[in-house]
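As the structure is a prediction and not an experimental result, all values here were calculated from the model.
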Amino acid sequence: MTFKGYAASTRKRDRGFMMPYQVIIPAAGQGKRMGVGKNKLLIELSGIPVLIHTLRVFENDEKCDGIILAIHPQDKDEFTTQLKKYKITKVKNVVSGGSERQHSIYNALKTVTNNGIILVHDAARPFIKKEHIHRLVAAAEKTGAAIIGVPAKDTMKKVKDWKVTETVERSSLWAVQTPQAFRMSILLEAYVLAEKENFLGTDDASLVERLSTPIEIVEGDYDNIKLTTLEDLFFAEAIMKKRN
Ligand code: CTP
Ligand code: MG
């Protein structure tokens with residue numbers, strides 16, 4: 001490398017140069033716990049569907065190189081209309097979801113061809129910030145796997161048959177969110193192994209934990225809630241208000 005080239009690459013590193021990433025967004029659930037009789041991702045916050053709020057974060061992130069969206073076939077027409085209406089251009093692939101979140105993500109993963117950094121982010125978490133995405137991607141570039149979360153605030157206990165069996169040391173407990181970021185080859189290996197061993201996890205890191213890859217945790221914020229039940233809509237409106 002020439003001196004000029006070396007100096008430029010050093011400057012890039014100093015500025016925290018980041019490779020582009022792609023993101024898988026599972027959106028193929030039914031929103032049963034929300035109980036509104038349709039996919040909760042179509043619920044509007046300040047007049048815009050949750051799905052669009054989430055997609056916009058990535059649409060507006062210059063480091064995002066493409067979105068792979070997993071959807072339920074019954075939502076196809078409505079989602080397509082919304083993507084057009086809000087001019088979401090980065091969705092490269094739309095795949096059919098499966099019966100579980102993990103199956104939806106696997107269907108999406110099978111369409112990714114390059115071996116860069118891949119993120120998985122729930123469509124139901126519209127409040128993720130670009131700053132946190134970038135910190136996560138930087139960590140995953142370094143270690144191969146990184147997830148975002150927040151330290152547990154409540155005292156946590158183990159309970160069995162309605163009886164407390166143990167107080168778990170809180171300082172070691174984190175509530176984990178999405179996005180989760182991985183080198184593509186690592187995530188794919190984890191998914192192949194999970195399928196082979198019939199393992200069903202509630203997040204992507206739990207699949208990667210079965211390999212021996214270390215997973216780094218990045219501290220996010222408590223606003224990055226997943227809209228799950230009705231009361232979350234009130235929290236969501238409050239977060240929107242705070243941000244405006
Ligand atoms: N998801 C998915 N495919 C599934 C199930 C869930 O792509 N088979 C997506 C959801 O659309 C959501 C994310 O995974 O963006 C997290 O799932 P969750 O919050 O559980 O959403 P739902 O499954 O839709 O809700 P519920 O479990 O209450 O039915
Ligand atoms: Mg679900």
Side-chain angles (χ1 to χ4, degrees), residues 1-26 54-70 89-93 101-102 105-106 108-123 125-151 174-194 201-221 223-224 226:
M1 194 190 291
T2 62
F3 174 72
K4 244 172 138 181
Y6 175 75
S9 74
T10 309
R11 273 199 308 278
K12 276 180 187 167
R13 254 204 319 275
D14 290 348
R15 266 192 265 123
F17 177 74
M18 216 181 89
M19 299 289 288
Y21 66 86
Q22 297 194 44
V23 60
I24 292 173
I25 301 198
T54 305
L55 289 173
R56 274 185 170 172
V57 177
F58 296 97
E59 180 75 21
N60 296 332
D61 180 3
E62 66 287 355
K63 291 293 176 190
C64 178
D65 204 22
I67 300 169
I68 304 127
L69 192 61
T89 60
K90 285 191 185 172
V91 175
K92 282 190 172 167
N93 258 324
R101 177 186 181 276
Q102 185 173 317
I105 293 165
Y106 199 13
L109 202 54
K110 286 172 184 161
T111 71
V112 181
T113 45
N114 71 338
N115 187 25
I117 296 293
I118 185 93
L119 264 61
V120 179
H121 182 65
D122 289 331
R125 287 187 197 268
F127 299 116
I128 183 63
K129 292 180 186 144
K130 190 165 108 171
E131 166 205 341
H132 288 129
I133 297 172
H134 288 191
R135 280 174 47 204
L136 189 74
V137 172
E141 274 175 1
K142 226 171 43 194
T143 62
I147 63 177
I148 199 155
V150 285
W174 285 63
V176 160
Q177 310 165 339
T178 69
Q180 302 192 342
F182 308 93
R183 208 168 292 135
M184 179 58 194
S185 54
I186 292 174
L187 190 60
L188 192 58
E189 188 185 350
Y191 266 80
V192 169
L193 184 71
T202 51
D203 75 346
D204 305 283
S206 60
L207 275 57
V208 174
E209 283 157 37
R210 295 157 62 79
L211 312 175
S212 49
T213 310
I215 303 171
E216 189 164 316
I217 189 135
V218 168
E219 186 164 2
D221 69 36
D223 282 3
N224 184 25
K226 180 161 73 69

Original post:
Are K130 and E62 close enough for a salt bridge, meaning some N to O gap below 4.0 Å?
Top reply: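 Yes.
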
**OP:** Evaluate the criterion side chain to side chain contact (heavy atoms under 4.5 Å, CB included) for residue pair R101 and T202; output intermediate values, then yes/no.
**Re:** CA-CA 8 Å; R101 177 186 181 276; T202 51; over 6 Å; no

To the nearest 0.5 Å, what is the distance between [atom1] ([X]) and [atom2] ([Y])?
X    : Y    : atom1 : atom2 : value
F182 : L136 : CZ    : CG    : 8.5 Å
L109 : M184 : CG    : CE    : 4.0 Å
Q180 : I105 : CD    : CD1   : 8.5 Å
L207 : Q102 : CG    : CD    : 4.5 Å
I68  : T111 : CD1   : OG1   : 4.5 Å
D61  : K90  : CG    : NZ    : 6.0 Å

Subject >> Geometric class of the F58/Y21 ring pair [parallel <30°, tilted 30-60°, perpendicular >60°] >> reply: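 Y21 and F58: perpendicular rings.
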
Taking the side chain as everything from C-beta on, heavy atoms only, tell me whether [X] gets closer than 4.5 Å to [Y].
X    : Y    : answer
T178 : V120 : no
P179 : V23  : no
I117 : M19  : no
T54  : R125 : no
I133 : H121 : no
L55  : L69  : yes
L187 : V208 : yes

Any idea which heavy atoms bring [X] and [Y] closest together, and the distance?
X    : Y    : answer
P20  : D65  : CB-CB, 3.9 Å
T213 : A145 : CG2-CB, 4.2 Å
P126 : V57  : O-CG2, 4.1 Å
A146 : A140 : CB-N, 3.8 Å

**OP:** Could you walk me through whether N224 and V150 pass the side chain to side chain contact (heavy atoms under 4.5 Å, CB included) test, one step at a time?
**Re:** CA-CA 10 Å; N224 184 25; V150 285; over 6 Å; no

**OP:** Take D204 and Y191, measure what side chain to side chain contact (heavy atoms under 4.5 Å, CB included) needs, and give me the verdict at the end.
**Re:** CA-CA 8 Å; D204 305 283; Y191 266 80; 2.4 Å; yes

Is there a donor-acceptor pair under 3.5 Å between the side chain of [X] and the backbone N or O of [Y]?
X    : Y    : value
E216 : A139 : no
R135 : E219 : yes
K63  : H134 : no

Original post:
Just one of I67, N114, T113 clears the side-chain contact (heavy atoms from CB on, under 4.5 Å) bar with Q22, so which one?
Top reply: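 Among I67, N114, T113, the one that satisfies the side-chain contact (heavy atoms from CB on, under 4.5 Å) with Q22 is N114.
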
**OP:** Take V192 and Y106, measure what side chain to side chain contact (heavy atoms under 4.5 Å, CB included) needs, and give me the verdict at the end.
**Re:** CA-CA 9 Å; V192 169; Y106 199 13; 3.5 Å; yes

